[in-house]
Amino acid sequence: MSGNHLEVESNVFNSVVGFREAVTKKEEMESNGTNFQEQKGNVRRAIDSLHPKRLRLRIKNIRTDTTSTKTLEMVSVDGRNLPPFQAGQYINLFVSLSGISTARPYSISSSPTNLHSYELTIKRAEGGFVSPYLLDDVEIGQEFESTGPMGSFHHNPLFHGQDLVFLAGGSGIAPAMSMLKAILSSSELFRFHIIYSNSFEDDVIFIEELRKLAAIHKNFFLTEFLSRESGPNFKGYRGRLTLSVLQELIPEAASKMYYVCGPTPFNENCSALLSDLGVKSGRILIESNGPPKMPERMPAWPKTVRPEDVVTIKLGNNAFPALAGEPLLNSLERNGFFTENACRSGECSLCRVKLKSGEVFSPPEAKIRKSDRKFGWIHSCVAFPTTDLEIQL
């Protein structure tokens, strides 16, 4: 056995799909004396197939999950397999609606082992613009454009370990479902615990499937919470997550890896509770479901500004009104201006615009880099205009 092969046998990158095969192929080509000319262009073609900028998708099936939620099964228009993804990632779905071009990110709830389709589980957002259209008006056979899979909210086999806890609130169960399916199909010795919090008993997504899987698989544990209404036969916890209950549910909490996905208040509460349990921030991944719904309730919101206040946005020779309580990106789209975007939660930074004058409120989830702050760049998807602004795309 060669020295190189011995290194491969003990290499931590064995957990990465295709690593061993790539090393073996490289050794074969080196032994044959190739100059690698025959491989020219293969890297670019592989990157384009694995990480396409855009996909064309067609709705194959529509499933009703609850009174407020449906799952759209989407396949490639050209009939090919879709690009691979990590369980927990999302795609950004582009929609033209009422003359406005916009997009929304939706987590893939299906298993990453099945690339024939992506399943997007969509819950109706109160006062929403896109979700009512997707739930009420779209039909089987309809085509959409999307990004390829993206996002850093996923299990990393090299660093996250095998003892995993997912705290899901409402539709935050979608990426958890994808992770669960991936874990249950794996030969690795995972332990996966989903702590699932909802408001109403008749509107809990995937609950029957989750209960069945928890009864079958010894390495999957499900804990249910209902915060508002529950019937006499409900066997889970009533009320919201508390420190005392989490201490009971999660022994040796500091040693586990945590994933949190739900509405902004849910995420913030979970983050604080996990910190109180002694969990370091590096062992907590949080996925935001869009911008905060009521930014005016956040501590740093300026007290003299009301969300219904109207401000003026100046962009070049154009100017238009906007609401202080609405993300700047939404106002840009409604007035016919496009800037690339994906997460709409402040993480990916694709929607950056330059703030030339004025003030915006950016919540903590806006992961603005130091260099952006220095030179005046903001994430328009989670930037709320609290004064008149002048911006540059």
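These values consider heavy atoms only, across backbone and side chains, with no hydrogens, waters or symmetry-generated copies. For reference, positions follow the sequence shown, starting with 1.
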Keeping the roles fixed (side chain from [X], backbone from [Y]), state whether a donor-acceptor pair exists under 3.5 Å.
| X | Y | result |
| --- | --- | --- |
| N198 | F200 | no |
| S117 | M74 | no |
| T66 | S68 | yes |
| S345 | C343 | yes |
| Y196 | G172 | no |
| N267 | G262 | yes |
| D388 | T312 | yes |
| S111 | T113 | yes |
| S109 | A174 | no |

Could you note down all residue pairs passing side chain to side chain donor-acceptor pair (under 3.5 Å) where residues 172-190 supplies at least one of them, sequence neighbours left out?
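Qualifying pairs: Q162-E188.
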Test of ring centre spacing under 6.0 Å for [X] and [Y]:
| X | Y | answer |
| --- | --- | --- |
| Y106 | F144 | no |
| Y259 | H160 | yes |
| H155 | F190 | yes |

Does the side chain of [X] reach to within under 4.5 Å of the side chain of [Y], using non-hydrogen atoms?
| X | Y | answer |
| --- | --- | --- |
| I122 | T69 | no |
| S146 | I91 | yes |
| L210 | M177 | yes |
| L329 | R344 | yes |
| L82 | L57 | yes |
| V77 | L55 | no |
| Y258 | L285 | no |
| P292 | M298 | yes |

Spacing of [atom1] belonging to [X] relative to [atom2] belonging to [Y], to within rounding of 0.5 Å:
| X | Y | atom1 | atom2 | answer |
| --- | --- | --- | --- | --- |
| I100 | N335 | CD1 | CG | 8.5 Å |
| I207 | I173 | CD1 | CD1 | 8.0 Å |
| L243 | D276 | CG | CG | 5.5 Å |
| R54 | T147 | CZ | OG1 | 7.0 Å |
| S362 | L328 | OG | CG | 9.5 Å |
| F166 | I183 | CZ | CD1 | 10.0 Å |

Going by side chain to side chain donor-acceptor pair (under 3.5 Å), name the residues that satisfy it together with [X], two or more places apart in sequence or in a different chain.
| X | result |
| --- | --- |
| D137 | none |
| D309 | R306 |
| K256 | D163 |

Go through it in stages, so that I can follow the logic: the residues are R104 and T102, the test is side-chain hydrogen bond (donor to acceptor under 3.5 Å, both in side chains), and I'd like the CA-CA distance, side-chain angles, deciding distance and then a yes or no.
CA-CA 7 Å; R104 293 294 185 274; T102 185; 2.8 Å; yes
Give me each pair satisfying salt bridge (charged side-chain N to carboxylate O under 4.0 Å, His left out) with a member in residues 318-329, each pair once, sequence neighbours excluded.
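As it turns out, the salt bridge (charged side-chain N to carboxylate O under 4.0 Å, His left out) pairs with a partner in residues 318-329, which skip direct neighbours, are E326-R334.
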Pairs meeting criterion salt bridge (charged side-chain N to carboxylate O under 4.0 Å, His left out) with involvement of residues 281-304, two or more places apart
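As it turns out, there is no salt bridge (charged side-chain N to carboxylate O under 4.0 Å, His left out) pair with a partner in residues 281-304 once direct neighbours are skipped.
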N-O pairing of [X] and [Y] below 4.0 Å:
| X | Y | answer |
| --- | --- | --- |
| R211 | E208 | yes |
| E27 | R20 | no |
| E201 | R228 | no |
| D136 | R124 | yes |
| R352 | D372 | yes |

[X] and [Y]: side chain donor to acceptor below 3.5 Å:
| X | Y | answer |
| --- | --- | --- |
| T386 | E359 | no |
| K70 | T64 | no |
| Y118 | Q89 | no |
| E333 | S101 | no |
| T71 | R63 | yes |
| N341 | N92 | yes |
| H379 | S349 | no |

Apply side chain to side chain contact (heavy atoms under 4.5 Å, CB included) to residues V311 and T387 and explain how you reach the verdict.
CA-CA 6 Å; V311 300; T387 69; 5.5 Å; no
Over all atoms of both residues, closest heavy-atom pair of [X] and [Y]:
| X | Y | answer |
| --- | --- | --- |
| I194 | A176 | CD1-CB, 4.1 Å |
| P295 | G325 | CG-O, 4.3 Å |
| C270 | V260 | CB-CG1, 3.8 Å |

Enclosure of [X] [atom1] (heavy-atom neighbours >12, cutoff 6.0 Å):
| X | atom1 | result |
| --- | --- | --- |
| E308 | CD | yes |
| H116 | NE2 | no |
| E143 | CD | yes |
| K60 | NZ | no |

Is there a chain of hydrophobic side chains (I, L, V, M, F, W, Y, each step under 4.5 Å between heavy atoms) that links V382 to F361?
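Per the 4.5 Å side-chain linkage, V382 and F361 are not co-clustered.
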Assess whether side chain to side chain contact (heavy atoms under 4.5 Å, CB included) is satisfied between F320 and L332, documenting all intermediate values.
CA-CA 9 Å; F320 55 87; L332 286 168; 3.8 Å; yes
Could you walk me through whether T223 and F221 pass the side chain to side chain contact (heavy atoms under 4.5 Å, CB included) check?
CA-CA 7 Å; T223 303; F221 305 88; 5.8 Å; no
Parallel, tilted or perpendicular: which describes the rings of F338 and F94, with under 30° parallel and over 60° perpendicular?
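Ring orientation, 0 to 90° scale: tilted.
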Please determine whether side chain to side chain contact (heavy atoms under 4.5 Å, CB included) holds for the pair I286 and S271, giving the CA-CA distance in whole Å, both sets of side-chain angles, and the decisive distance to 0.1 Å.
CA-CA 8 Å; I286 298 177; S271 178; 3.8 Å; yes
